[in-house]
Amino acid sequence: MTVVEAAPPLELTSPLVRRRSGWRALLREGLRARGAAFGLTVTLAVVALALGADLFSPHNPNVQDYNSILAPPGAPYWLGTDELGRDLLSRTIHGSRVALQAGLVSVGLAVVAGTLIGLLAGYVGGFVDALLMRVTDALWSFPGLVLALAVGAVLGPGLFNAMLAVGLVFTPIFARLVRAQVLSVREREFVLAARMLGANGPRIMARHILPNVATPIIIQASVLVAFAIIVEASLSFLGLGVQPPTPSWGSMLRTAYQYLQAAPWLSFAPGAAMFVTVLGLNFLGDGLQQALDPRARE
Amino acid sequence: MLRYLLGRTLQVVPTLLLVTVITFILVKLLPGDAALAFLGETSPQDQVRYEAMRRELGLDQPLPVQYFKWLGKVAGGDFGISARTREPVLEGIKARLPVTAQLALMTMAVALAIALPVGIISAARPRSWLDNVGSTAAIAGLAVPDFWLGIVLITLFSLGLGLLPPSGFKPLGEGIGQNLQLMILPALTLGASQAAVLMRQVRAALLEVLRHDYVTTARAKGLREGVVVRRHALKNALIPVVTLIGLQTGRLFGGAVIVETIFALPGIGRVAADSIFFRDYAMLQGAILVLAVAVLLMNLVTDILYSYLDPRIRYR
């Protein structure tokens, strides 16, 4: 008679379960922060709106109705129309695409550039560190919007150029953050052990140091996405960001400002949309910090 | 202290030089050039005049030579001539700097008037409904884009209630009342987000200090909570707040671009933005440089003030 051994019960410590429970624990911890649930809901809603903008918009955002120029809120244009008779609600919904794109891409660019600079400066040290840090210090001395304006003017108007400009403005933040983390991590035992085992500089940076500096980068990035949306909108407001006819909250507010006396309702939709989105992202950032940074929970 | 002061001041020099390099390069990278800006859009066809203007402005020389000549002139207070107004750039900056400085100071006053009481109450009664309202308002303040808030305030107080003029500027010398009427809405607009940043800092710093043993001792002596906060905790809690005020004031000089544009204030931020659109290269160079130097100087003053308030910094 053969004895069939029963398969061991799935233990809670198996990597798969542990991983899932880790994510759950993070989510649970994060949602304990004040407003984090609201932040997550708003962010998911904005992402859904951006992805399904064509589906959710009652009108084509670029179609002009010459019989309804600067129409106040009411049927069939529930939030009114702009100076060319375009539906404000549809343009606001489509504006979420530009906002999210601007926030994510510009902060993504800053994360990549800042992390590379910070890793290099912190790990190599010496003259390279001094030079890179002086340059980031100098860039950081420029008021953010002024630097973004100047870089935006050099690159020319357009969404991608505006995102590049905002990314450049945020790069010093990540460079300094990563450098500080690298300086504290590079002398730790596991890095010394990797070095003794023969790992070269790039491998040590990528495999051993980078994962250990990822948490503060994620926290900082989550905060800056909201800020990047405002800076990009500011550039569009001044005429250097998104160009017509692409709907963006910044350029819609520019129009609202021009027609302030004739149609004061124009600013409501794009302004409120930006406010709620940034508010949601800020709350989500707080939640993320609480979930990832044990000190934030204390 | 003198050694620290000297060392910290010397640290600024290389950064300042790099700031001038970046400013110079940025303006050089802009499309078109200063000669075109002076001659106007139709002049490139007139090649002789164009070349003569380039020579006159030194644009025919290699870039490093142009940079050092420009730096030498800037060090002597000569920022060049504005292509738009044809006045010396330095005069233009001198006329506009007080407007931005007044806006920055009024903004900080508004921010402190909101942040200090709300932050103190929030920290003294953590997790109470007052704290919840204050903290939520702070997060909301951080989320409001200043250009939208400006538009909303104009719509409400100027177009709606007719209480305040919507935009424009009168120098202080022409009447304090008129000046303040025109400056209060811009200061409120910029002050909302500043108040939010400061309020969060006041609350966090005070909460931290209230955990210290000496505060427990003060409570154990039987002092009322108000006295403990006012006399014992607040002084130490305000040290990081003072630092933040210094850093934020420097940043306000540049952050005022949008608000100055919305409220038609002839400040340095607006002149920087206008110079880009009017291709006024000399003015743009001057304005950016002055703004960056203002930030650097405010950071320096803040560091020195911080080392005075917290002597441990000097000995690190």
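Below, chain A is the first sequence line, B the second, and so on; all start at residue 1.
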Original post:
With respect to B:T107, which candidate in B:V259, B:T249, B:L190 satisfies the side chain to side chain contact (heavy atoms under 4.5 Å, CB included) definition?
Top reply: B:L190
Might you point out which heavy atoms bring [X] and [Y] nearest each other, and give the distance in Å?
X      : Y      : answer
B:A205 : B:P240 : CB-CG, 3.9 Å
B:L244 : B:L198 : CD2-CD2, 3.7 Å
A:S141 : B:V295 : O-CB, 3.2 Å
B:F277 : A:L238 : CZ-O, 3.0 Å
A:A138 : B:V19  : O-CG2, 3.8 Å
B:S82  : B:M283 : CB-CE, 4.1 Å

For chain A, which candidate among [options] shows the most heavy-atom pairs at distances under 4.5 Å?
options                        : answer
B:L16, B:L296, B:L149, B:I151  : B:I151
B:V144, B:T155, B:V257, B:D146 : B:V144
B:V27, B:T23, B:I262           : B:I262
B:A272, B:P31, B:A140, B:G160  : B:A140

Original post:
Are more than 12 heavy atoms from other residues, nucleotides or ligands located less than 6.0 Å from atom CD of A:Q261?
Top reply: no
Subject >> Neighbour count above 12 (heavy atom, 6.0 Å) for B:F24 CZ >> reply: yes
Distance from [X] atom [atom1] to [Y] atom [atom2], nearest 0.5 Å?
X      : Y      : atom1 : atom2 : result
B:L105 : B:T100 : CG    : OG1   : 11.0 Å
B:F147 : A:M274 : CZ    : CE    : 4.0 Å
B:S275 : B:R270 : OG    : CZ    : 11.0 Å

Part of [X] within contact of chain B (heavy atom distance under 4.5 Å):
X      : answer
A:L145 : side chain
A:L139 : both
A:W249 : neither
A:N282 : side chain
A:F237 : side chain

Subject >> For chain B, the option from A:A272, A:G280, A:G152 that forms the most heavy-atom pairs under 4.5 Å >> reply: A:A272
**OP:** Name the option with the most non-hydrogen atom pairs under 4.5 Å to chain B; the candidates are A:G35, A:G144, A:P264, A:A150.
**Re:** A:A150
**OP:** Anything in residues 223-236 of chain A with a heavy-atom distance to chain B below 4.5 Å? Please list those residues in order.
**Re:** A:I230, A:A233, A:S234
Counting only heavy atoms closer than 4.5 Å, note whether [X] contacts chain A via side chain, backbone, both or neither.
X      : answer
B:L142 : both
B:T20  : neither
B:N132 : both
B:I276 : side chain

**OP:** Would you check if the side chain of A:T81 reaches a backbone N or O of A:L70 as a donor-acceptor pair within less than 3.5 Å?
**Re:** yes
